[in-house]
There are 2 protein chains.
Amino acid sequence: MRDLGVLGKVLTMTTSEQPATLRERKKLRTRQALVDTAVTLFGERGFDSTPLDALLEQVEVSRRTFFRNFRSKEDVALTAVKQLWDVYLEVLDGIKKSGPLADVFLDAMLTTLERMDEDWYRRFPLTLRLIADSPALDGYTLRHCAEVQAEIARRLDVQSRLELRLLIEFFVATWRCTLDEWLPDCIPGELPTLLRRSCSSVNSALSLSFMA
Amino acid sequence: MRDLGVLGKVLTMTTSEQPATLRERKKLRTRQALVDTAVTLFGERGFDSTPLDALLEQVEVSRRTFFRNFRSKEDVALTAVKQLWDVYLEVLDGIKKSGPLADVFLDAMLTTLERMDEDWYRRFPLTLRLIADSPALDGYTLRHCAEVQAEIARRLDVQSRLELRLLIEFFVATWRCTLDEWLPDCIPGELPTLLRRSCSSVNSALSLSFMA
DNA sequence: GAAGCAAACGCCACACTGTGGCACTTTATG
DNA sequence: CATAAAGTGCCACAGTGTGGCGTTTGCTTC
């Protein structure tokens, strides 16, 4: 529970395992409060222009406690993003077997999207808007993606490391492009459709030419 | 000269246009000193563990002056990266005409690499090592890449925006993979070779499968 | 249930980054 | 030479993130 790492589970909300001890439940409750309040508060007042103290005041926690749970102001804002990739890595471990890797990556994401619960689908779009409005948050997110990509590569075993690295980069890039298309409306049911479309556009994208 | 934007020319070292006025030459001299000292100083003591004051003290500039020239500590460290993309955008404007876009992107980068001077090939590897050692710097770099990508997309005109966006993402991702392969030795002459190899691996990467 | 223990918390002080105000110096210009 | 403008330095401040340390709170064992 002292993980706090960029990888590794951040909040155990997806598997809904209730911690036995009261202490851990309390701790988890304040973390949840911080996450929820952060997304809404930053959404109202803007991430960059909202001091961390405003969040701490509202949730009534000291700064010391906050930084024991999150490594930075960006960290708490991006919880939804981290949760997605945590689940994705779990899913990938479960289903990686055979066939084209590109399909495996896509299927894993589709499965991941099915696993996320309603609350996540409420917070995730809010988080995406925060990212779109704050370059600092965007940089932090991209960095997180890079670490996830390295983790994916670490768990797979193929002939060419370069080609594996490239494929992972392409898949995550495609995912991010898909999110940009999803962003305006953010209808949960459309996300898998958009992702499939993006993936099926990859080949024509590579052979793209100038307009006539 | 008051640009300071993430895009747009940072230092006019590539085209070597001497500013007429003494004032501008002075200013440029301090900027050069800051850039040079930053790369070496951060290289010796580490980016994260070197306070900005150490740099200011060595160059003998006040903090106020520094922040008039650079927008952040990361900014001055990444000058070489920014210069590369500045030149790339220039080159792209000059040669974009017809044929497959993927080839255009690759050719533009090869031309760009030819245009960079010896001093840049000295500073760029140092900068890459700084990035590899500092997550904060890495995030900043990725964010800069994203802005460059948006700028490239803005300057081109093709049928499908999504496919264009994808292709640009893929190219830049390929470039970053190439840099990782180049990093250990950093022999200038090998960079074009490695880049060509990465680009020619794209298709096989997309059809990658698990090991037998 | 009481004593003891460990985890979590709050408070305080500090280092570092980045910004704004204002006075002072230097350079360009008439 | 005088004046305006650009550049600089100094000072103070807001915000983020860290470490020390005493105190509270929940857990454990008798």
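Numbers restart at 1 for each chain; the letters A, B, ... are given by sequence-line order, proteins then strands.
- The distance between atom CZ of A:Arg31 and atom P of C:dC9, rounded to the nearest whole Å, is 10 Å.
- When rounded to the nearest whole Å, the span between CG of A:Leu56 and P of D:dG17 equals 11 Å.
- Contacts between residues 57-65 of chain B and DNA chain C, defined by a heavy-atom separation below 4.0 Å, involve B:Arg63, B:Arg64, listed by number.
- Distance alone, capped at 3.5 Å, is enough to place a donor-acceptor pair between the B:Trp182 side chain and the B:Ile187 backbone.
- One can place CZ of A:Phe70 at 14 Å from P of C:dA8, the figure rounded to the nearest angstrom.
- By the side-chain contact (heavy atoms from CB on, under 4.5 Å) test, A:Ala80 is found to be paired with A:Trp120, A:Arg123, A:Phe124, A:Thr127, residues two or more places apart in sequence or in another chain being considered.
- In summary, the side chains of A:Ser198 and A:Thr174 do not present any donor paired with an acceptor at a separation below 3.5 Å, with no hydrogens or angles considered.
- Under the 30°/60° scheme for interplanar angles, the aromatic rings of A:Phe171 and A:Tyr88 are found to lie parallel.
- Between A:Arg154 and A:Glu151 there is a salt bridge, since at least one side-chain N of the basic residue sits less than 4.0 Å from a carboxylate O of the acidic one.
- Side-chain N or O atoms of A:Tyr121 include one that pairs as donor or acceptor with a backbone N or O of A:Leu113 at under 3.5 Å.
- Residues of residues 44-53 of chain A having a heavy atom closer than 4.0 Å to DNA chain D, listed by number: A:Thr50, A:Pro51, A:Leu52.
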Protein-nucleic acid N or O pairs under 3.5 Å, nucleotides 1-4 of chain C:
none

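- For A:Glu118 and A:Arg122, the salt-bridge test fails: no basic side-chain N is under 4.0 Å from an acidic carboxylate O.
- Between B:Arg155 and B:Leu89, the closest heavy-atom pair is NH1-O, 3.6 Å.
- Between A:Arg25 and A:Leu28 there is no side-chain heavy-atom pair separated by less than 4.5 Å.
- Taking the side chain of A:Thr30 as heavy atoms from C-beta on, and the options C:dC9, C:dG18, D:dT8, the nearest nucleotide is C:dC9.
- In this structure, B:Arg115 contributes its side chain and B:Val91 its backbone to no donor-acceptor pair below 3.5 Å.
- Note on residues 44-58 of chain A: pairs passing side-chain hydrogen bond (donor to acceptor under 3.5 Å, both in side chains), not counting sequence neighbours, are A:Asp48-A:Ser134, A:Asp53-A:Arg63.
- Across the protein-nucleic acid pair, B:Phe67 atom CZ and D:dG7 atom C1' stand 17 Å apart, rounded to whole Å.
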Footprint string (nucleotides 22-30 of chain D, 5' to 3'): B base within contact, S backbone only, - free, heavy atoms under 4.0 Å: ---SBS---
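- Straight-line distance from the CG atom of A:Leu28 to the P atom of C:dA7: 18 Å, rounded to whole Å.
- Proximity of a side-chain donor or acceptor of B:Thr30 to a complementary backbone N or O of B:Lys27 within less than 3.5 Å is detected.
- Here D:dC10 presents its C1' atom at 11 Å from CZ of B:Arg68, a figure rounded to the nearest Å.
- For the pair A:Arg71 CZ and D:dG19 P, the interatomic distance rounds to 13 Å; values are reported in whole Å.
- Here the P atom of nucleotide D:dT18 and the NZ atom of A:Lys73 are 15 Å apart, to the nearest Å.
- The CG atom of A:Leu92 sits 5.5 Å away from atom CG of A:Leu156, with the distance rounded to the nearest 0.5 Å.
- Side-chain atoms of B:Lys82 do not come within 3.5 Å of backbone N or O of B:Asp75 as any donor-acceptor pair.
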